[in-house]
Amino acid sequence: MTVRTRFAPSPTGYMHIGNLRTAIYEYLIAKNQHGQFILRIEDTDQGRFVDGATDVIFETLKTVGMEYDEGPGKGGEFGPYIQSERRQIYRKYADKLVELGGAYYCFCGKDRLDELRTKCEAEGKMYRYDGCCKRIDKAIALERVKRGESHVVRQVIPENGNTTFEDVVYGTITVDNSELEEGILLKADGLPTYNFANVVDDHLMKITHVIRGSEYLSSTPKYNVLYNAFGWELPIYIHLPPIMKTKDKKLSKREGDASFEDFINRGFLKEAIVNYIVLLGWNPGTEQEFFSMDELKACFDVQGLSKSPAIFDVQKLRWMNSEYIKRLSVEEYFEHAKPYFISAGLETFDLLKLSELLKNRTEIFSEITEKVAFVKNLPQYDIALFSHKKMKTDSESSLNVLRKVLPALNGIACWSAESINNCLMTIVVENNMKNSQVLWPVRTALSGMESSPGGASELADVLGKAESVRRIEVAISKLS
RNA sequence: GGCCCGUUGGUCAAGUGGUCUAAGACACCGCCCUUUCACGGCGGCUACAGGGGUUCGAAUCCCCUACGGGUCACCA
């Protein structure tokens, strides 16, 4: 049996981290078995459709490197892969289901349903469709439909008994049929609800593993009733726990930071995001924690899926991102950092050198701007910075040192980190001082900051001779 | 509220009746390295939701309670 999975998002907004994780699992489960991964767009709710949302889906799948085998723009044996283009198919199967006794036409309009709802509310009961139209004679109902009377198609739920299904992560789940509603399968506009479309499409597209969020767990019995009514084979169900923002709140895109694109824009590497979220809810069973997409394809196993919700921890994502950044070459780092360097106005500096300094100190790229601002403009700083107990420095000793450093630096013919360092160390030796007594004041004078992405000679190298000398002079005059 | 699901440290998690005085990772704290900050190295802190069973033995099995989540639409 060829494994076939599908990612079936609704184009109702941007790519959410939770959706992306689901897509990744779907992709991996298929690819681990050399199966097919299908993309299907579920746009049956014309009211919620958001323009451009499908492009975001295509783009995201492409950037994380998950190519689908069948889907919009790609084609395939079981198309179309956009539900709004499958109208007639649903109509046909809905009518067929009515014939098979698994559904019935319902002519109750919104008004009557609302009435029913308020009545239930008044009686303190949960609303449930009363099955009114199920009692209409089949031939008469069909006649009314043919005359063009507005109607929906509702599912028939067996009155007694219960329905059981197997879920790979949650195990055996049994629900009493009395809990199930005779829900709408085909809406008055002729388009199916999710409840119908997913079953029809998954069957027609030969999906073997249905992978989706746990919010569908409670409606899965209804789908089984549907499969059975059609006489179709059941798929393997794999339901996934949600990703949480806090212990009791789901990650929500509205509250700011759950969209994949946002993370990319904030300077996260796509590989780090994928690596992190794949581990949110799945354990490889080994100590390995860094995975490329290819490694994931090779070792992904549903056994490692967990059933309890996981809280999204940006802190750990940042750490993982920093690890990925450390593995970048200086050139790669530079490519990612470039926009931030430019926005900091550093075009005239040696940005490769700066990249080297920054590479081990960056968690996310967007923080570069702040980290390198001092390069372009020496910040206003207080001379108290020169006093550091552990470095054994105070303003007096610093002034003293800087006065020696200034001519020495000026005398360097070939400006490089190495020559600068030699020069400074010579001063240390000549004056019988601790390294820090010379290096701390110089680094402070060059950066104007308590901490900087590099030491005295590295900073001087990046800043260049003229600017370094100028900054030492500034410090001297501040201290005098 | 009914039904379904879940609950190991602050977080992600290993663990499927004995090897658990419970792994690893992030975070945090401390030390070392060191010219700052990082990096790196070493060490530390903190957990089986509670209560009953079953068993020679329970984080692991059963029941109850608590807490949390999901679901109950002509949304998906």
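Values reported hereafter were calculated over all heavy atoms of this structure, with side chains retained and with hydrogens, waters and symmetry mates removed. Per chain, numbering begins at 1; letters A, B, ... match sequence-line order. All values reported here derive from a predicted model rather than from experimental measurement.
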If C67(B) has a Watson-Crick or G-U wobble mate with both distances under 3.5 Å, name it; if not, just say none. G6(B)

If you measure from the P atom in U11(B) to the same atom in A73(B), how many Å do you get, rounded? 34 Å

Do the ring planes of Phe312(A) and Phe263(A) sit parallel (below 30°), tilted (30 to 60°) or perpendicular (above 60°)? tilted

Numerically ordered, the residues 317-327 of chain A set in heavy-atom contact under 4.0 Å with RNA chain B is Trp319(A), Glu323(A), Lys326(A)

Using the C1' atom as the reference point in each nucleotide, state the distance between C4(B) and G24(B) in Å, no decimals. 33 Å

Atom pair distance, as rounded to whole Å: CG in Asn283(A) and C1' in U8(B): 14 Å

Which value, in whole Å, describes the distance between the C1' atoms of nucleotides C20(B) and U34(B)? 40 Å

Quick one: do the Arg48(A) and Ser10(A) side chains pair a donor with an acceptor below 3.5 Å? no

Taken to the nearest 0.5 Å, the spacing of Phe7(A) CZ from Thr60(A) OG1 works out to 8.5 Å

His239(A) NE2 to G6(B) C1': how many Å, rounded? 15 Å

For Glu287(A), answer base if it contacts any base atom (sugar-phosphate contacts may also be present), sugar-phosphate if it contacts only those atoms, and nothing otherwise; contact means non-hydrogen atoms under 4.0 Å. base

Strictly distance-based, threshold 3.5 Å: is any side-chain N or O of Thr362(A) a donor or acceptor partner for the main-chain N or O of Phe365(A)? no

Which nucleotide in C3(B), C26(B), A38(B) has an atom nearest any side-chain atom of Arg361(A): A38(B)

CD (Glu159(A)) with more than 12 external heavy atoms under 6.0 Å: no

Is Arg112(A) salt-bridged to Glu115(A), going by a charged N under 4.0 Å from an acidic O? no

For the residue pair Tyr68(A) and Phe58(A), does the interplanar ring angle fall in the parallel (under 30°), tilted (30 to 60°) or perpendicular (over 60°) class? tilted

C1' spacing across the pair C45(B) / G40(B), given as an integer number of angstrom: 22 Å

Decide, for C39(B), between syn and anti: a glycosidic angle within 90° of 0 counts as syn, anything else as anti. syn

Distance check needed: U34(B) P versus Lys392(A) NZ, whole Å only. 15 Å

Could you check whether His151(A) and Arg144(A), counting side-chain N and O atoms only, form a donor-acceptor pair closer than 3.5 Å? no

Quick one: look up who A73(B) pairs with, Watson-Crick or G-U, both distances under 3.5 Å, and put none if it's unpaired. none

Strictly by Watson-Crick or wobble contacts shorter than 3.5 Å, is anything paired with A25(B), and which nucleotide is it? U11(B)

A27(B) base / Lys316(A) side chain donor-acceptor hit below 3.5 Å: no

Gap in Å between the two C1' atoms, one belonging to G18(B) and one to U60(B), rounded: 11 Å

Please state whether the phosphate of C39(B), meaning OP1 or OP2, lies under 4.0 angstrom from any side-chain nitrogen or oxygen of Asn360(A). no

Summary of protein contacts for nucleotides 66-76 of chain B, nucleotide by nucleotide, where a base hit scores B, a sugar-phosphate-only hit scores S (4.0 Å, heavy atoms): --SSSSBSBBB

What distance, rounded to whole Å, do you find between the two C1' atoms, one in C26(B) and one in G44(B)? 16 Å

C1' gap between C48(B) and C61(B), integer Å: 15 Å

Please report, rounded to the nearest Å, how far the P atom of C12(B) is from the NZ atom of Lys245(A). 16 Å

5′-ward residue of the pair Glu289(A)/Gly285(A) relative to RNA chain B: Gly285(A)

Reading RNA chain B from 5' onward, which residue's closest nucleotide shows up sooner: Tyr170(A) or Arg443(A)? Tyr170(A)

Identify whether NZ of Lys or CZ of Arg in Arg327(A) sits under 6.0 Å from the centre of the six-membered ring of Tyr333(A) and within 45° of that ring's axis. no

Asp394(A): what forms a side chain to side chain contact (heavy atoms under 4.5 Å, CB included) with it, not counting sequence neighbours? Ser387(A), Glu396(A), Ser397(A)

For the pair made of CG in Asn162(A) and C1' in C3(B), what is the distance, rounded to whole Å? 13 Å

Decide whether His388(A) and Thr444(A) meet the rule of one side-chain donor and one side-chain acceptor closer than 3.5 Å. no

Rounded to whole Å, please give me the gap between CD in Glu367(A) and C1' in C37(B). 12 Å

Looking at every strand, decide which applies to Ser306(A) at a 4.0 Å heavy-atom threshold: base, sugar-phosphate, or nothing. sugar-phosphate

Separation of U36(B) P from Gln437(A) CD (nearest whole Å): 13 Å

Ignoring the backbone of Gln315(A), work out which of G6(B), A27(B), C4(B) is nearest its side chain. A27(B)

Using the P atom as the point on both nucleotides, what is the distance between C31(B) and U36(B), in whole Å? 15 Å

Mind checking if Ala456(A) touches a base, just sugar-phosphate, or nothing, with heavy atoms under 4.0 Å? base

Can you list the steps and then say if Glu323(A) with Lys326(A) is a salt bridge (Lys or Arg N to Asp or Glu O under 4.0 Å)? CA-CA 5 Å; Glu323(A) 291 296 317; Lys326(A) 277 175 218 155; 2.9 Å; yes

Classify the nucleic acid contact of Gly454(A) as base, sugar-phosphate or nothing, counting any heavy atom under 4.0 Å across all strands shown. base

